[in-house]
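All remarks here apply to the structure that follows.
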Amino acid sequence: MAKIIDGKEISARIRAEVKTKVEHLAARGITPGLAAVLVGDDPGSRVYVSMKAKACAAAGILFDEHTLPADIGEDSLLALIEEINKDERIDGILIQLPLPAHIDERRVLESVSPHKDVDGFHPFNVGRLALGNPLFRPCTPYGILKMLDESGVCLDGKDVVVAGRSNLVGKPMAMMCLARNATVTLCHSHTRDLGRKISAADVVIAALGRAEMVRGAWIKRGAVVIDVGINRIGEKKLVGDVEFEAASKRAGAITPVPGGVGPMTITMLLSNIVESAERRFSPWRA
Ligand code: NDP
């Protein structure tokens with residue numbers, strides 16, 4: 001049976017490290033700060049923002065929430081972001097997605113200062129990641145990289161299959177694995193014979209958003225399996241993109257859903273905010 005890679009436990013360890021770094025900054029009179037911008041009253045977005053607020057409070061990070069009406073004009077939103085870009089108390093800006101349909105999401109994300117872009121979505125940061133010199137890394141793939149590191153998985157020379165090519169997860173994940181000298185195959189909905197590609201992989205990272213699409217029988221014996229998917233089945237049950245029971249009989253290590261990748265995302269947001277605050281006061285590190 002595969003070893004379970006416990007995201008909750010790794011996340012707790014990293015949050016403790018973040019807290020220590022915040023205490024070191026506090027000793028120099030510095031409080032890291034996050035500004036969250038929420039447009040409208042989508043209940044899902046509210047829940048995410050309040051989870052981030054709680055995580056910041058527990059870590060000693062200032063949390064400044066801007067809740068705006070759903071019908072706010074794009075120019076007013078851009079003006080607010082410009083103000084936050086200049087606010088010296090703030091090290092990170094988070095634009096809670098999705099934005100209402102009348103707002104150009106790309107324009108808004110590009111208005112965030114790249115030096116406060118703790119989600120790593122700005123083209124400047126996407127470019128830096130592609131060049132192998134990242135400033136901010138997107139939180140979910142960054143969390144997966146940390147999980148692999150903390151579990152002693154070395155990617156150097158490994159065959160990695162990343163299934164899913166979204167800008168949020170798959171693409172940055174592939175870049176990060178490449179930077180670690182893995183040989184990366186990035187799969188998507190036009191990929192022929194996904195199963196054959198996965199069955200040759202030493203490490204499989206599934207970010208498809210398709211419940212249990214990765215069959216257990218596809219997994220190479222001893223492979224490491226990271227399941228990013230969060231799929232709701234009925235009212236209560238959550239499953240990943242991997243057929244967990246069958247895959248864990250073949251894998252060497254596997255992440256569960258829930259309790260795997262999920263807890264890492266907000267943790268890496270905290271980590272990015274603290275990195276940003278440390279850079280603000282030691283600018284030569286940028
Ligand atoms: P997207 O829907 O943006 O991307 C899904 C990707 O999967 C696309 O590249 C798509 O291909 C590919 N895909 C879909 N169907 C198939 C198929 N049949 N065969 C091969 N490839 C396919 O999803 P995200 O990347 O945003 O998220 C993926 C999953 O991860 C979701 O379940 C999401 O909820 C979860 N997630 C979890 C997070 C966490 O914190 N744990 C954070 C972010 C996401 P194509 O590009 O060709 O359409």
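In listed order, ligands and their atoms are each counted from 1.
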Between K249 and E245 (salt bridge meaning N to carboxylate O under 4.0 Å), is one present in this structure?
no
Give every pair made of an N or O atom of ligand 1 and a protein N or O atom lying under 3.5 Å apart, one pair per line with both atom names and the distance to 0.1 Å, or write 'none'.
unit_1	atom_1	unit_2	atom_2	d
ligand 1	9 (O)	R165	N	2.8
ligand 1	11 (O)	S189	N	3.2
ligand 1	15 (N)	R210	NE	3.2
ligand 1	21 (N)	H188	O	3.3
ligand 1	21 (N)	S189	N	3.2
ligand 1	25 (O)	S166	OG	2.5
ligand 1	30 (O)	V228	O	3.4
ligand 1	32 (O)	I230	N	3.0
ligand 1	40 (O)	T265	OG1	2.8
ligand 1	46 (O)	R165	NE	2.7
ligand 1	47 (O)	R165	NE	3.4
ligand 1	47 (O)	R165	NH2	2.8
ligand 1	47 (O)	S189	N	3.1
ligand 1	47 (O)	S189	OG	2.6

Counterpart residues, salt bridge (charged side-chain N to carboxylate O under 4.0 Å, His left out), relative to K146 (two or more places apart)
none
Go through the side-chain N and O atoms of S276 and E278 and say whether any donor and acceptor fall under 3.5 Å apart.
no
Could you tell me how the ring of F124 sits relative to the ring of H122: parallel (under 30°), tilted (30 to 60°) or perpendicular (over 60°)?
perpendicular
One thing to verify: whether D241 and R210 come together as a salt bridge, which I'm taking to mean a side-chain N less than 4.0 angstrom from a carboxylate O.
no
Assess whether a salt bridge exists between K220 and D202, defined as any Lys/Arg side-chain N lying under 4.0 Å from an Asp/Glu carboxylate O.
yes
